[in-house]
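Accompanying notes for the structure given below.
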Amino acid sequence: MTFANFQLEEIEIKANAIQFLEPGEGYIKSFEESRIAIIPAGLEQTTSYMQGTARGPAAILAASSQVELYDEELDDEPIELGIFTLDELDFSDKTQEQSLALIGSAFKTCMDAGKFTVTLGGEHSVTIPIIHDLKNRFPDLVVLSFDAHGDLRVTYHGELSHACVMRRIADMDVPVYVIGVRSVCREEVEFVRSNSKVEVLFDYQRAERKFEVADLLKWGKHVYVTVDLDAFDPAEMPSVGTPEPGGLRWREFFAIFKEVCENTKIVGFDIMELMPREGQERADFYSAKLLYKMLGYMRRAGQF
């Protein structure tokens, strides 16, 4: 796919039927009043194992109504920033290229309006048009990815898929740092070894090799954070399409994210590949709480 063929379209800003964190009218703010915009983008066209990520954004939004607004660790209520949730993007009858263009249009609309934009997937390919937009805004952009998989294949099963997202981003000449990988093919490892702008902190290395924010800053100050939920230990996050043994724990993730918040400028983030399952609603809540707490850490670090 070539991004030159993307045909962006105007997006009408409307509130989602389920607003993120909707505890009462006193917290509801318009798009204009809100600092944060959330794009639900349940794209699912290339999933390779279990299906269901299309329902991920709606499940996160539904669970968010149960998230306590006060964060006892941060002594803060991030809801005060104003969080506006757009209508879920409609990918019916759209090709993959048209779907990614729609995501790019929605993201551009929010960014042009001065909103800090959070995107909820859907499969991980959702991230591609977002980085395409941000690269034009921030020439020193760096992508920090949390993922159980490298996602550095040229193609997968003959197509551009969620397994290729970091390769497509690297092809845009955007540096990529991936944390938590524990499933990768030889082709991807060889690509990492030959590319000075791609670095992977494998899961097995984390006991001996600590993440250093300097590894991001050597490339640039502006950082986009993308979280594939399979980066987490499946004991904590069971509802993903391609679970892998091992992985990050909640506190481990936030120790890294805190350091990134305090030393870089975060220009957006996403949460991808929740696959809601009946009886595992805890994963939906985990994802909603993750989003809210990430905003809280950013606020405490002065990002807003």
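Annotation for Val174 and Leu141: closest pair CG1-O, 3.6 Å, computed over non-hydrogen atoms. Val143 and Met166 make their closest contact through CG1-SD, 4.2 Å (heavy atoms, listed as atom of the first residue, atom of the second, distance). In plain terms, the two heavy atoms of Arg153 and Arg167 that are nearest each other are O-CB, 3.3 Å. Between Pro57 and Gly121, the shortest heavy-atom contact is CD-O, 3.4 Å.
Atom NZ of Lys29 is separated from atom CD1 of Ile36 by 10.5 Å, given to the nearest 0.5 angstrom.
The backbone N or O of Cys185 lies less than 3.5 Å from a partner atom in the side chain of Glu188, making a donor-acceptor pair. Using a distance-only test at 3.5 Å, with no hydrogens or angles considered, no donor-acceptor pair links the side chain of Glu236 to the main chain of Arg249. The backbone N or O of Leu74 sits nowhere less than 3.5 Å from a side-chain atom of Lys293 that would complete a donor-acceptor pair. Using modelled atom types, one side-chain atom of Asn136 and one backbone atom of His132 make a donor-acceptor pair closer than 3.5 Å. Side-chain atoms of Arg277 do not come within 3.5 Å of backbone N or O of Met275 as any donor-acceptor pair. The backbone N or O of Phe304 sits nowhere less than 3.5 Å from a side-chain atom of Arg35 that would complete a donor-acceptor pair. Although no hydrogens or angles enter the test, the distance criterion places no donor-acceptor pair under 3.5 Å between the side chain of Lys115 and the main chain of Ile38. Of the possible donor and acceptor atoms, one in the side chain of Gln303 sits under 3.5 Å from a partner among the backbone N and O of Cys261. The backbone N or O of Leu69 lies less than 3.5 Å from a partner atom in the side chain of Tyr292, making a donor-acceptor pair. Between the Asp147 side chain and the Asp228 main chain, no donor and acceptor come within less than 3.5 Å of each other.
Residues Thr53 and Glu44 have side chains that bring a donor and an acceptor to within less than 3.5 angstrom of each other.
More than 12 heavy atoms of other shown residues, nucleotides or ligands fall within 6.0 angstrom of atom CZ in Arg209. Within 6.0 Å of atom NZ in Lys265, more than 12 heavy atoms from other residues, nucleotides or ligands are found, so the atom counts as buried in its surroundings.
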Practice task
Could you check Thr95 against Glu97 for side-chain hydrogen bond (donor to acceptor under 3.5 Å, both in side chains), going step by step and ending with a plain yes or no?
Solution key: CA-CA 5 Å; Thr95 65; Glu97 187 162 326; over 6 Å; no

Exercise for the section: Test Gln280 against Ser239 for side-chain hydrogen bond (donor to acceptor under 3.5 Å, both in side chains), laying out the working first. Expected result: CA-CA 7 Å; Gln280 295 288 358; Ser239 298; 5.1 Å; no

Practice task
Please lay out, stage by stage, how Ile266 and Met294 fare under the test side chain to side chain contact (heavy atoms under 4.5 Å, CB included).
Solution key: CA-CA 11 Å; Ile266 298 177; Met294 287 174 74; over 6 Å; no

Exercise for the section: Report the C-alpha separation of Asp151 and His124 in whole Å, then their side-chain angles, then the decisive distance to 0.1 Å, and conclude whether the side-chain hydrogen bond (donor to acceptor under 3.5 Å, both in side chains) test is met. Expected result: CA-CA 9 Å; Asp151 287 355; His124 211 167; 3.2 Å; yes

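Annotation: ring pair (Phe, Tyr, Trp, His ring centres under 6.0 Å) contacts of Tyr297 (sequence neighbours excluded): Phe254. When the side-chain hydrogen bond (donor to acceptor under 3.5 Å, both in side chains) test is applied to Asn263, no partner is found at least two apart in sequence or on another chain.
Below 30°, between 30° and 60°, or above 60°: for Phe257 and Phe269 the angle between ring planes is above 60°, a perpendicular geometry.
Salt-bridge annotation for Arg299 and Asp76: present, with a side-chain N of the basic residue lying under 4.0 Å from a carboxylate O of the acidic one. Asp112 and Arg137 are joined by a salt bridge, as a carboxylate oxygen and a charged side-chain nitrogen come within less than 4.0 angstrom of each other. A salt bridge links Lys218 with Glu199: the distance from a Lys NZ or Arg NE/NH1/NH2 to an Asp or Glu carboxylate oxygen falls below 4.0 Å.
The shortest side-chain heavy-atom distance between Phe285 and Val67 falls under the 4.5 Å cut-off.
Within the 6.0 Å centre-distance limit, the rings of Tyr286 and Phe232 are counted as a close aromatic pair.
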